[in-house]
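One structure below.
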Amino acid sequence: MFGRTKNKAWKNLENIYKHFKDTQMKDLFATDPKRGELYAEQLETMLVDYSKNRIDDKVLEALFGLARERGLKEKINDMFSGKKINTTENRAVLHIALRNRANTPIYVDGRDVMPQINATLEKVKDFSEAVRLGRFTGYTGKKLTNIVNIGIGGSDLGPYMVCEALRHYWAKGINCYFISNIDGTGCAEVLNKIDPETTLFIVASKTFTTIETLTNARTCRKWLVDALGEHAVAKHFIALSTNKEEVEKFGINPDNMFAFWDFVGGRYSVWSAIGMIIAIAIGYKNFERILDGAFTMDEHFKNTEFEHNIPVILALIGIWYNNFYGVHRYGVIPYDQYLQYLPAYLQQLDMESNGKSVTLDNKYVDYATGPALFGGAGTNVQHSFFQLLHQGTEIVPIDLIVPAISHNEIGAHHQILLANVLAQGEALMRGKTEEEAAAEMEAAGKSQAEINRMKKYKSFSGNRPTNTIVLKKVDPFTLGMLVAMYEHKVFVQSVIWNVNAFDQFGVELGKKLALNILPELQGTAHNIEHDSSTAALIKYIKNIRK
Ligand code: F6P
């Protein structure tokens with residue numbers, strides 16, 4: 001076993017934790033009236049307030065010490081300079097190159113990657129504008145107004161989340177659809193709504209071997225060919241992939257293929273050609289603003305000392321809860337309807353990156369790595385799982401994200417929303433003692449017997465951590481910053497945990513076993529050995545489907 005606990009900085013944090021663990025945030029606020037301003041960082045159109053956490057200067061200093069001991073600065077430089085930090089796959093990790101707006105050379109195997117990235121961006125620009133302006137039309141000459149992205153995981157969640165987040169910027173008349181699940185319902189429901197003559201299918205798959213995507217793409221292709229004939233395919237299908245050979249095999253014209261590269265991980269690919277549907281929906285200029293925002297965060301991350309570095313601070317606070325408080329869950333609550341798919345996107349980003357148990361030195365970890373991430377849009381979730389956040393037995397750190405200005409300032413809606421997000425952070429931190437609950441009930445004229453019976457139920461332990469992230473507005477630039485912030489946060493945590501954030505072998509076993517079970521369900525293979533539960537389930541389902 002690899003003994004991280006033997007490290008000096010880790011031991012130091014364990015000692016600090018022993019004395020600090022029961023510290024109440026409300027006492028920290030009482031003793032330092034400037035705490036709210038001190039523990040906050042602003043970058044362009046984003047403010048990150050991390051003051052409502054169980055931290056003080058000593059804790060933070062020790063966490064920065066841990067980052068230094070883990071060589072974080074060098075690791076950041078390694079990523080930005082194109083070093084092959086994805087060691088299990090022997091690849092560089094260069095999503096940052098996709099938004100390298102300074103266009104400084106970045107070398108992989110002695111070759112600058114920027115020219116190919118710029119060329120693809122130009123191609124995305126030309127094609128997306130041609131579709132938007134009706135220069136590239138469907139087979140029958142009609143404008144393509146239904147844009148369907150067929151992909152899954154990183155080839156779906158990023159474009160889907162960003163398109164929804166920036167719905168306000170969609171061109172009039174353009175509709176975007178997403179087909180991801182192998183469940184035929186996804187396909188059927190989209191195909192029912194659209195007209196083949198005005199539909200562009202974007203087959204998005206890094207590997208172009210993913211069974212869900214290829215099955216969905218084949219179904220859509222057949223639907224199109226049945227309606228318009230084989231010749232129509234070239235005008236209605238494009239591919240976003242790293243795998244030219246498979247794209248050609250599938251029958252998509254290589255001229256209609258938009259490339260990216262193996263140094264871009266699926267869950268980090270929204271900035272590449274995978275963003276095609278975004279560029280069509282919101283326009284290439286707006287797409288570039290997303291890249292600008294991400295680049296701003298990259299520069300901040302690369303050049304700012306840890307003490308003021310937003311992704312570093314958020315990552316280390318996460319480590320503090322995960323590895324010292326033993327809290328292995330974490331919530332992201334965007335108070336903005338447009339950002340409703342952000343938690344799903346971050347789930348892949350965080351859990352596929354850091355859900356690992358083997359270190360970069362090929363040893364099993366003996367400490368917790370990535371937490372389980374969940375979330376949903378506020379205020380809706382206040383009426384579902386927030387009960388547990390306030391009064392459950394475990395603490396659950398959450399990020400509250402809210403724009404100061406809404407795209408839809410209707411009446412008092414946004415003021416009420418803002419009041420709610422701020423109130424949640426305050427309530428979770430402050431709580432309510434039994435005495436306070438009793439005093440409230442007394443003021444409301446309740447009997448002493450009623451007060452005694454109810455005061456525990458009505459009290460809140462408080463001391464529950466939140467980060468509050470205030471965005472000026474959900475615009476392309478700010479969204480780019482926000483997403484890049486989380487990417488870097490995940491990376492920093494992977495460095496502390498000494499795991500590779502850029503592979504995902506954990507998704508393979510289930511995929512392989514599904515390929516075994518499929519022929520059994522189809523009746524073309526029999527007697528494959530399974531545990532008795534799986535065997536009985538196969539039998540039961542086959543019986544029902546007879
Ligand atoms: O199964 C997981 C995964 O490999 C993700 O990492 C990836 O984003 C997704 O599948 C889709 O892969 P592809 O883009 O190659 O179809």
Side-chain angles (χ1 to χ4, degrees), residues 123-124 126-153 155-157 159-160 163-164 167 170-241 243-259 273-283 518 522:
K123 210 175 153 191
V124 170
D126 290 347
F127 185 79
S128 60
E129 292 300 309
V131 171
R132 279 165 67 86
L133 298 172
R135 283 201 304 264
F136 185 98
T137 63
Y139 185 59
T140 57
K142 286 196 180 164
K143 195 170 172 191
L144 296 165
T145 51
N146 296 311
I147 317 298
V148 183
N149 190 83
I150 306 172
I152 198 163
S155 301
D156 166 70
L157 289 164
Y160 189 23
C163 277
E164 287 300 324
R167 209 173 234 281
W170 285 21
K172 270 212 170 63
I174 296 257
N175 285 309
C176 299
Y177 301 90
F178 292 84
I179 300 177
S180 53
N181 202 330
I182 189 63
D183 182 347
T185 303
C187 239
E189 284 299 328
V190 171
L191 296 181
N192 276 340
K193 289 191 196 96
I194 56 178
D195 169 4
E197 287 184 273
T198 55
T199 297
L200 175 70
F201 290 102
I202 301 175
V203 188
S205 176
K206 179 176 169 181
T207 54
F208 228 80
T209 56
T210 306
I211 190 163
E212 291 94 334
T213 301
L214 293 189
T215 308
N216 281 323
R218 275 187 208 108
T219 300
C220 293
R221 192 180 193 282
K222 180 170 182 318
W223 176 84
L224 185 99
V225 170
D226 286 350
L228 302 178
E230 188 67 36
H231 290 303
V233 172
K235 298 292 277 178
H236 292 267
F237 271 83
I238 65 166
L240 320 173
S241 188
N243 193 341
K244 194 161 173 244
E245 212 180 307
E246 288 299 322
V247 168
E248 277 185 59
K249 256 198 232 161
F250 181 85
I252 292 180
N253 184 340
D255 291 346
N256 289 349
M257 173 177 160
F258 297 79
I274 289 290
M276 177 65 88
I277 191 168
I278 306 169
I280 295 174
I282 68 172
L518 181 63
Q522 292 173 328

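Bear in mind that the values here come from a model prediction, so they are computed numbers and not experimental data.
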Using a 4.5 Å cut-off on heavy atoms from C-beta on, say whether the side chain of Phe237 contacts that of Leu200. no
Ala279: which residues meet the side chain to side chain contact (heavy atoms under 4.5 Å, CB included) condition with it, sequence neighbours left out? Val124, Ser128, Tyr284, Phe287
Between the side chains of Asn146 and Thr198, is a donor N or O closer than 3.5 angstrom to an acceptor N or O? yes
Any sub-3.5 Å donor-acceptor pair from Trp223's side-chain atoms to Pro196's backbone N or O? no
With heavy-atom distances below 4.5 Å as the criterion, would you say the side chains of Ile179 and Val148 are in contact? yes
Would you say the side chain of Val233 lies within less than 4.5 Å of the side chain of Val225, judging by non-hydrogen atoms? yes
Sequence neighbours excluded, which residues qualify as salt bridge (charged side-chain N to carboxylate O under 4.0 Å, His left out) partners of Lys249? Glu246
Where is the tightest heavy-atom contact between Leu228 and Ala232, given as atom of each residue plus distance? CB-CB, 3.6 Å
side-chain hydrogen bond (donor to acceptor under 3.5 Å, both in side chains) filter on Thr215, not counting sequence neighbours, yields none
Evaluate the side-chain proximity of Ile274 to Pro159: yes if any heavy-atom separation is below 4.5 Å, no if none is. yes
To the nearest 0.5 Å, tell me how far Cys176 SG sits from Arg167 CZ. 7.5 Å
Shortest non-hydrogen pair, Ile277 vs Cys163, comes out as CG2-SG, 3.9 Å
Backbone N/O of Thr199 and side chain of His236: donor-acceptor pair under 3.5 Å: yes
Looking at side-chain heavy atoms only, is the closest gap between Ile150 and Asn216 below 4.5 Å? yes
How close do Ile152 and Ser180 get, heavy atom to heavy atom, and via which atoms? CD1-O, 3.5 Å
Set of residues satisfying salt bridge (charged side-chain N to carboxylate O under 4.0 Å, His left out) with respect to Glu230, sequence neighbours excluded: Arg221
What distance do Asn175 atom CG and Leu144 atom CG have between them, rounded to the nearest 0.5 Å? 12.5 Å
Which atoms form the tightest heavy-atom contact between Ile238 and Phe258, and what is the distance? CD1-CE1, 3.9 Å
For Asn256 and Ala234, indicate whether the former's side chain and the latter's backbone hold a donor-acceptor pair under 3.5 Å. yes
Beyond-backbone contact of Tyr177 with Phe201, side-chain heavy atoms, under 4.5 angstrom: no
Counting only pairs under 3.5 Å, give me each side-chain donor-acceptor contact of residues 130-140, with atom names and distances, residues two or more places apart or in other chains.
unit_1, atom_1, unit_2, atom_2, d
Arg132, NH1, Ile280, O, 2.9
Arg132, NH1, Ala281, O, 3.2
Thr140, OG1, Glu197, OE2, 2.7

Determine whether Ile174 and Ile147 make a side-chain contact, defined as any pair of heavy atoms from C-beta on separated by less than 4.5 Å. yes
Distance-only donor-acceptor hits, side chain of residues 183-194, under 3.5 Å, sequence neighbours excluded:
unit_1, atom_1, unit_2, atom_2, d
Asp183, OD1, Thr185, N, 2.9
Asp183, OD1, Thr185, OG1, 2.9
Asn192, ND2, Ala188, O, 3.3
Lys193, NZ, Glu189, O, 3.4

If you draw a 6.0 Å radius around CD1 in Ile211, do more than 12 non-hydrogen atoms from other residues or ligands fall strictly inside? no
Any donor-acceptor pair under 3.5 Å from Thr210 side chain to Glu212 backbone: no
Decide yes or no for Ile252 and Met257: does some side-chain heavy atom of the first lie under 4.5 Å from some side-chain heavy atom of the second? no
